[in-house]
K.L.:
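What follows is a structure written as structure tokens; I'll ask about it next.
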Protein chains: 2
Amino acid sequence: MRWSEIGEEACSVARTVSVIGDRWTLLILRDGFLGIRRFDDFQARLGVTRHILADRLRKLVAAGVLAKTRYEDRPARYDYRLTPKGLALHPVLLALVHWGDTHMADGKGRPLVLRHKGCGCDFTPVTVCSRCAEPIAARDVRVRPGPGARRAV
Amino acid sequence: MRWSEIGEEACSVARTVSVIGDRWTLLILRDGFLGIRRFDDFQARLGVTRHILADRLRKLVAAGVLAKTRYEDRPARYDYRLTPKGLALHPVLLALVHWGDTHMADGKGRPLVLRHKGCGCDFTPVTVCSRCAEPIAARDVRVRPGPGARRAV
DNA sequence: CCTCTTGAGTTCCAAAACAGAACTCACATA
DNA sequence: TATGTGAGTTCTGTTTTGGAACTCAAGAGG
């Protein structure tokens, strides 16, 4: 199967992966959430080649995750900022950060500390059930085919 | 920068991406959470070429996300199952599924429905603050360098 | 005994993606 | 006129994929 085909699968993970399932794309999003907007800033922070960066930004814009806006005329200058669809990826990034902090630590402590403005405390993200608000573990979830399924699980 | 170097960054996202930031790896994990364990089952479901699958499974085992166990002797047969470290990726997968359901839907409804055994209801995952239990939005989070940081954010 | 099947891979080749560096283009400043 | 900046594109050679066939060990069928 080709990369270009996986977005057509009847699976939300496959569709999501078709948009963000790339090392550079995930790092671009990380920097996007940290406030990076300009081409050269992404390039300098990521160390990605300019060619690949241009390609990934184009794809993220096409997917509606980033919006390219002209922030200056003469000379024309553009930046890339997260759309509402892009901002909705925040839980994904929080989950990645938390897993990395917990399972890929190097003994020097967390590279970043997250503070919740709502309560003023440093926090870690917790995934809970939308119905009962209890934390969810892998064993607590039963999966079954939904209306959009094409095959049995 | 090469793929092999990004795991050394002082960033939990980069370290996490160095392990799971690959289209096939994420789909392997998806199937792992759905109970797939054997080489040929992964291959048939994913449509990935066998040597890429062998490579990704090897890397996931090396990273401690999957464990390769002999489930039969004579002939020797092995399977791959999630370790506790791998099971800890569950929130990442839930976040990916939820984003795909919400933002990549094709109008046919959700491919999978998740039921929480704890309360017996179909649910969606919600990311909340570990301190105040309120849902977290991107705008509610302030990020600052932690003890493991190597540079200012 | 000989062939077929299953599970878990490995090997080979061509096609695609990538890294690194240099180059373009439009304007701005010294 | 020379230098710099932002946002890319082009060129070249190396890696990584995709696709298909092949290996190996053992059990099953005839």
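Below, read A as the first sequence line, B as the second, and so on, with proteins coming before strands; counting in each chain starts at 1.
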K.L.:
Measure from the side-chain heavy atoms of A54(A) and tell me the nearest of dG19(D), dG8(D), dA28(C).
P.N.:
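Per side-chain heavy atoms of A54(A), the pick is dG8(D).
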K.L.:
Nearest to the Y80(A) side chain among dA19(C), dG27(D), dG8(D), which nucleotide is it?
P.N.:
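Looking only at side-chain atoms, Y80(A) lies closest to dG8(D).
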K.L.:
Quick check: any donor-acceptor pair below 3.5 Å linking the side-chain of R50(B) to the base of dG9(C)?
P.N.:
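Donor-acceptor pair under 3.5 Å: yes.
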K.L.:
How close or far is atom P of dT9(D) from atom CG of L57(A), stated in whole angstroms?
P.N.:
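Going from L57(A) (CG) to dT9(D) (P), I get 11 Å.
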K.L.:
Report the residue from R70(B), K68(B), E72(B) that forms a side-chain hydrogen bond (donor to acceptor under 3.5 Å, both in side chains) with Y78(B).
P.N.:
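Among the candidates, only R70(B) passes.
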K.L.:
Would you mind checking if R15(A) and D106(B) are paired as a salt bridge, meaning a charged N to carboxylate O distance below 4.0 Å?
P.N.:
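Judged by the 4.0 Å cut-off on N to carboxylate O distance, D106(B) and R15(A) do form a salt bridge.
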K.L.:
Nearest to the side chain of D40(A) - dC27(C), dG6(D), dA26(D)?
P.N.:
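When the side chain of D40(A) is considered, dG6(D) is the closest of dC27(C), dG6(D), dA26(D).
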K.L.:
Let me spell it out: for each of R58(B) and E5(B), pick the nucleotide of DNA chain C with the closest heavy atom. Which residue's pick is nearer the 5' end?
P.N.:
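Counting from the 5' end, the first nearest nucleotide belongs to R58(B).
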K.L.:
Report whether L34(A) and V113(A) are members of the same hydrophobic cluster (ILVMFWY, side-chain heavy atoms less than 4.5 Å apart, transitive linking).
P.N.:
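Unlinked, L34(A) and V113(A) end up in two clusters.
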K.L.:
Within the 4.5 Å heavy-atom criterion, are V97(B) and L112(B) side-chain neighbours or not?
P.N.:
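They are not in side-chain contact.
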K.L.:
What is the ring orientation for F42(B) with Y80(B), classed by angle as parallel under 30°, tilted 30 to 60°, or perpendicular over 60°?
P.N.:
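F42(B) vs Y80(B) ring planes: perpendicular.
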K.L.:
Specify the separation, in whole Å, of atom CG of L53(A) and atom P of dG20(C).
P.N.:
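My rounded result for the distance is 14 Å.
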K.L.:
More 5' along DNA chain D: D79(A) or R56(B), using each one's nearest nucleotide?
P.N.:
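Counting from the 5' end, the first nearest nucleotide belongs to D79(A).
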K.L.:
Which sits closer to the 5' end of DNA chain D, Y71(A) or R23(A), going by the nucleotide each is nearest to?
P.N.:
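Upstream on the strand: Y71(A).
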K.L.:
Can a salt bridge be assigned to the pair R77(B) and D40(B) using a cut-off of 4.0 Å between side-chain N and carboxylate O?
P.N.:
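Salt bridge between R77(B) and D40(B), a charged N being under 4.0 Å from a carboxylate O: no.
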K.L.:
Please give, in whole Å, the distance from dG9(C) P to E72(B) CD?
P.N.:
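Distance check: E72(B) CD to dG9(C) P gives 13 Å.
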K.L.:
Would you kindly give the CD-to-P distance between Q43(A) and dG20(C), to the nearest whole Å?
P.N.:
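Going from CD in Q43(A) over to P in dG20(C) covers 11 Å.
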K.L.:
Rounded to whole Å, how long is the line connecting atom NE2 of H51(A) with atom C1' of dA21(C)?
P.N.:
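To the nearest whole Å, that distance equals 13 Å.
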K.L.:
The side chain of W24(B) is closest to which nucleotide in this list: dG8(D), dG18(D), dA26(D)?
P.N.:
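So the nucleotide nearest the side chain must be dG18(D).
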K.L.:
In whole Å, I'd like the distance from the CG atom of D55(A) to the P atom of dA7(D).
P.N.:
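That distance rounds to 18 Å.
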K.L.:
Regarding R70(A), tell me which of base, sugar-phosphate or nothing describes its non-hydrogen contacts under 4.0 Å with the strands shown.
P.N.:
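The answer is nothing, as R70(A) stays clear of every strand by at least 4.0 Å.
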K.L.:
With respect to the phosphate group of dG8(D), does any side-chain polar atom (N or O) of K68(A) fall under 4.0 Å of OP1 or OP2?
P.N.:
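Yes, because at least one side-chain N or O of K68(A) sits under 4.0 Å from OP1 or OP2 of dG8(D).
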K.L.:
So which nucleotide from dG18(D), dC18(C), dG27(D) ends up closest to the side chain of R74(B)?
P.N.:
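Selected nucleotide: dG27(D).
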K.L.:
Between P on dC18(C) and NZ on K59(A), what's the gap in Å once rounded to a whole number?
P.N.:
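Value for this atom pair: 7 Å.
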K.L.:
Out of dA8(C), dG6(D), dT11(C), which has the shortest distance to the side chain of R77(B)?
P.N.:
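The closest nucleotide is dA8(C).
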K.L.:
Return the nearest nucleotide to the side chain of F39(A); candidates are dA7(D), dG27(D), dT10(C).
P.N.:
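Selected nucleotide: dA7(D).
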K.L.:
Atom CD1 of I52(A) to atom P of dA21(C): distance rounded to whole Å?
P.N.:
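Result: 15 Å.
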